[in-house]
Each structure stands twice: as C-alpha cells, then as structure tokens.
Enquirer: 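After the structure tokens below, expect a handful of questions from me.
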Amino acid sequence: MLLSLLILATAAPAAQSADPLAPARAGQYQCVIPNQDKKTCVGTTSYKIAADGSYESTTQLFLAPTPLITMELHTRGSAKDGKLCETVKLADFQAGTVYLDGKPADDATSNAVKSQMTAAVSALDGKSACSTIKPDADGLMLNEVAIDGTVRSDLSQKFIWVGAKDGYKLGM
C-alpha cells in the first residue's frame with residue numbers, strides 16, 4: 001500500500017475527457033481509496049492549473065492513525081492526450097512535509113518517514129508516470145497508472161472527486 005500511496009503523489013488521477021482537469025477547475029479534489037461511510041480518504045490531491053495545461057499538485061497522504069502521521073508532497077506535471085503525466089522525482093518526496101497530529105513532525109519522525117519513502121520510490125526516480133481514468137463500480141473511478149508507458153495494475157487505485165463542502169478528511 002505504501003508504494004501505491006507514493007504513486008498517488010506522483011501520478012494523481014484525472015477524469016478521462018477532453019479536459020482531464022475539468023473537476024479540479026470546478027473546485028474539486030481527488031479522494032483516493034475513499035471510505036464513503038466515514039467520509040475519509042487514504043490520500044487527497046488538489047491542483048493549481050496554468051493556462052498551458054501544466055499544473056502543480058498538492059498530495060496529502062494518510063500514513064498512520066495513532067499518532068496521526070500524514071505527509072504533504074508537491075509535484076508538477078501536465079495534461080496531455082487526456083492523461084496527467086509527471087516525472088517521478090525522488091527530490092519531491094525528500095522535500096515533503098511530515099505531520100504528527102497535524103503539526104510538523106520532529107526531525108526523527110520526519111527522517112524515518114522520508115527514509116521509508118525514499119526506499120520505496122527510488123527505483124521510479126526519473127521515470128514518466130501517466131494516469132488514465134476508467135469508470136469503476138459504485139460510482140468510483142479507477143486510476144490506471146503507466147510507468148514509462150507500461151501499465152502497472154498493481155498501482156491502480158479507486159477514487160472519487162469531492163469538494164470542500166463534502167466533508168472528506170484523511171483517514172481510513
């Protein structure tokens with residue numbers, strides 16, 4: 001699951017349409033691996049979109065419940081051919097911010113989390129990650145990730161687009 005969360009941060013899903021960022025332009029963000037009864041997401045991704053189709057994304061990852069450990073990552077990419085594509089950068093994970101109960105984590109906790117992330121993502125450093133979205137059951141979408149053009153079904157994740165008023169938060 002940790003590797004799937006890493007891929008979420010580097011290849012966040014988009015709706016398959018002429019404008020894969022249309023829901024983000026409408027103020028929505030992605031809730032990955034949602035628990036719709038509890039209104040929780042294992043990860044979320046929001047976008048700031050430039051006129052040329054490039055974007056900056058902010059991904060928040062739920063890592064542990066007690067104490068609550070989360071991580072925030074910032075990446076850049078572009079929409080092309082109905083997909084969202086980014087280059088996986090180990091530096092993005094190393095620059096991420098680790099939070100402990102909602103506050104920046106101490107150095108020991110931050111270093112431990114980043115060490116695990118580095119170990120999990122280092123083999124993907126510099127590779128192209130592109131997302132294609134396919135409808136799934138129960139109103140969910142399925143994010144299909146391709147690394148350097150090869151679909152990685154082991155990295156597929158379900159998600160929904162939600163808005164701030166929908167009340168979703170990180171958790172399980």
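Each residue takes its place number in the sequence, starting with 1.
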Enquirer: Relative to each other, are the rings of Tyr47 and Tyr55 parallel, tilted or perpendicular (30° and 60° limits)?
Expert: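 Rings of Tyr47 and Tyr55: perpendicular, over 60°.
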Enquirer: Tell me, do Phe93 and Leu73 make a side-chain contact under 4.5 Å, heavy atoms counted?
Expert: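 In short, these two side chains touch, coming nearer than 4.5 Å.
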Enquirer: Give every residue pair that meets the disulfide bond (SG atoms under 2.5 Å apart) criterion with at least one member in residues 31-70, sequence neighbours excluded.
Expert: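 Every disulfide bond (SG atoms under 2.5 Å apart) pair that includes a residue of residues 31-70, provided the two are not neighbours, is Cys31-Cys41.
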Enquirer: With sequence neighbours left out, write down each residue that passes side chain to side chain contact (heavy atoms under 4.5 Å, CB included) with Asp136, or none if nothing qualifies.
Expert: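 Asp136 satisfies side chain to side chain contact (heavy atoms under 4.5 Å, CB included) with Leu140, Leu142, Lys158 only.
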Enquirer: Could you state the interatomic distance from CD (Glu86) to OG (Ser128), rounded to the nearest 0.5 Å?
Expert: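 Spacing of CD (Glu86) from OG (Ser128) equals 9.5 Å.
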Enquirer: What distance separates Ser57 OG from Ile49 CD1, expressed to the nearest 0.5 Å?
Expert: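 Separation between the atoms: 10.5 Å.
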Enquirer: Flag the pair Met117 / Leu61 as yes when at least one side-chain heavy-atom distance between them is below 4.5 Å, and no otherwise.
Expert: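 Yes, side chains in contact.
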Enquirer: Is Val162 linked to Val42 within one hydrophobic cluster, defined over Ile, Leu, Val, Met, Phe, Trp and Tyr using a side-chain heavy-atom separation of less than 4.5 Å?
Expert: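 No; tracing contacts between hydrophobic side chains, which count when under 4.5 Å, never links both residues.
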Enquirer: Taking the side chain as every heavy atom from C-beta outward, state whether Leu63 and Val113 have any pair of such atoms under 4.5 Å apart.
Expert: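 SC-SC contact between Leu63 and Val113 confirmed.
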Enquirer: Do Leu21 and Leu84 have side-chain heavy atoms sitting under 4.5 Å apart?
Expert: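 They are in contact (side-chain heavy atoms under 4.5 Å apart), so the answer is yes.
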Enquirer: Excluding sequence neighbours, so at least two apart, what forms side-chain hydrogen bond (donor to acceptor under 3.5 Å, both in side chains) with Glu144?
Expert: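 Partners of Glu144 by the side-chain hydrogen bond (donor to acceptor under 3.5 Å, both in side chains) criterion, ordered by chain and then number, come out as Lys134.
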Enquirer: Taking all atoms of both residues into account, what is the closest heavy-atom pair of Pro34 and Phe159, and its distance?
Expert: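 Reported closest heavy-atom pair: CD-CA, 4.0 Å.
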Enquirer: Quick one: which residue pairs count as a salt bridge (charged side-chain N to carboxylate O under 4.0 Å, His left out) with a foot in residues 22-47, not counting sequence neighbours?
Expert: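 Every salt bridge (charged side-chain N to carboxylate O under 4.0 Å, His left out) pair that includes a residue of residues 22-47, provided the two are not neighbours, is Asp19-Arg25.
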Enquirer: According to side chain to side chain contact (heavy atoms under 4.5 Å, CB included), who are the partners of Leu100, at least two apart in sequence or on a separate chain?
Expert: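 Applying side chain to side chain contact (heavy atoms under 4.5 Å, CB included) to Leu100 gives Pro67, Ile69, Ala105, Asp106, Thr109.
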Enquirer: Please identify each residue that fulfils side chain to side chain contact (heavy atoms under 4.5 Å, CB included) with Ala50, with sequence neighbours left out.
Expert: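 Here the qualifying residues are Asp52, Ser54.
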Enquirer: Just distance, no hydrogens or angles: give the donor-acceptor pairs under 3.5 Å from side chains in residues 165-172, sequence neighbours left out.
Expert:
residue : atom : partner : partner atom : Å
Asp166  : OD2  : Gly163  : N            : 2.6

Enquirer: Nearest 0.5 Å, what's the CD1-CD1 distance between Ile33 and Ile160?
Expert: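 That separation rounds to 12.0 Å.
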Enquirer: Nearest 0.5 Å, please: how far is CG in Asp154 from CD1 in Ile147?
Expert: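 One gets 9.0 Å once the value is rounded to the nearest 0.5 Å.
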Enquirer: Once salt bridge (charged side-chain N to carboxylate O under 4.0 Å, His left out) is applied, what residue pairs with a partner in residues 67-81 remain, sequence neighbours excluded?
Expert: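 For residues 67-81: Glu56-Arg76.
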Enquirer: Taking only residues two or more places apart in sequence or in another chain, which ones pass side-chain hydrogen bond (donor to acceptor under 3.5 Å, both in side chains) with Ser122?
Expert: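 Once residues adjacent in sequence are excluded, Ser122 has no partner under the side-chain hydrogen bond (donor to acceptor under 3.5 Å, both in side chains) criterion.
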Enquirer: According to salt bridge (charged side-chain N to carboxylate O under 4.0 Å, His left out), does anything in residues 119-130 pair up with another residue at least two apart or in another chain? List the pairs.
Expert: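 Passing the test, one end in residues 119-130: Lys127-Asp148.
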Enquirer: Indicate yes or no: at least one non-hydrogen side-chain atom of Phe62 is less than 4.5 angstrom from one of Thr44.
Expert: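 With C-beta onward as the side chain, the pair stays apart.
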Enquirer: Applying side chain to side chain contact (heavy atoms under 4.5 Å, CB included), run through Thr75 and Lys89 and close with a yes or a no.
Expert: CA-CA 8 Å; Thr75 60; Lys89 296 177 183 169; over 6 Å; no
Enquirer: Salt bridge (charged side-chain N to carboxylate O under 4.0 Å, His left out): which pairs involve residues 114-124, sequence neighbours left out?
Expert: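 For residues 114-124: none.
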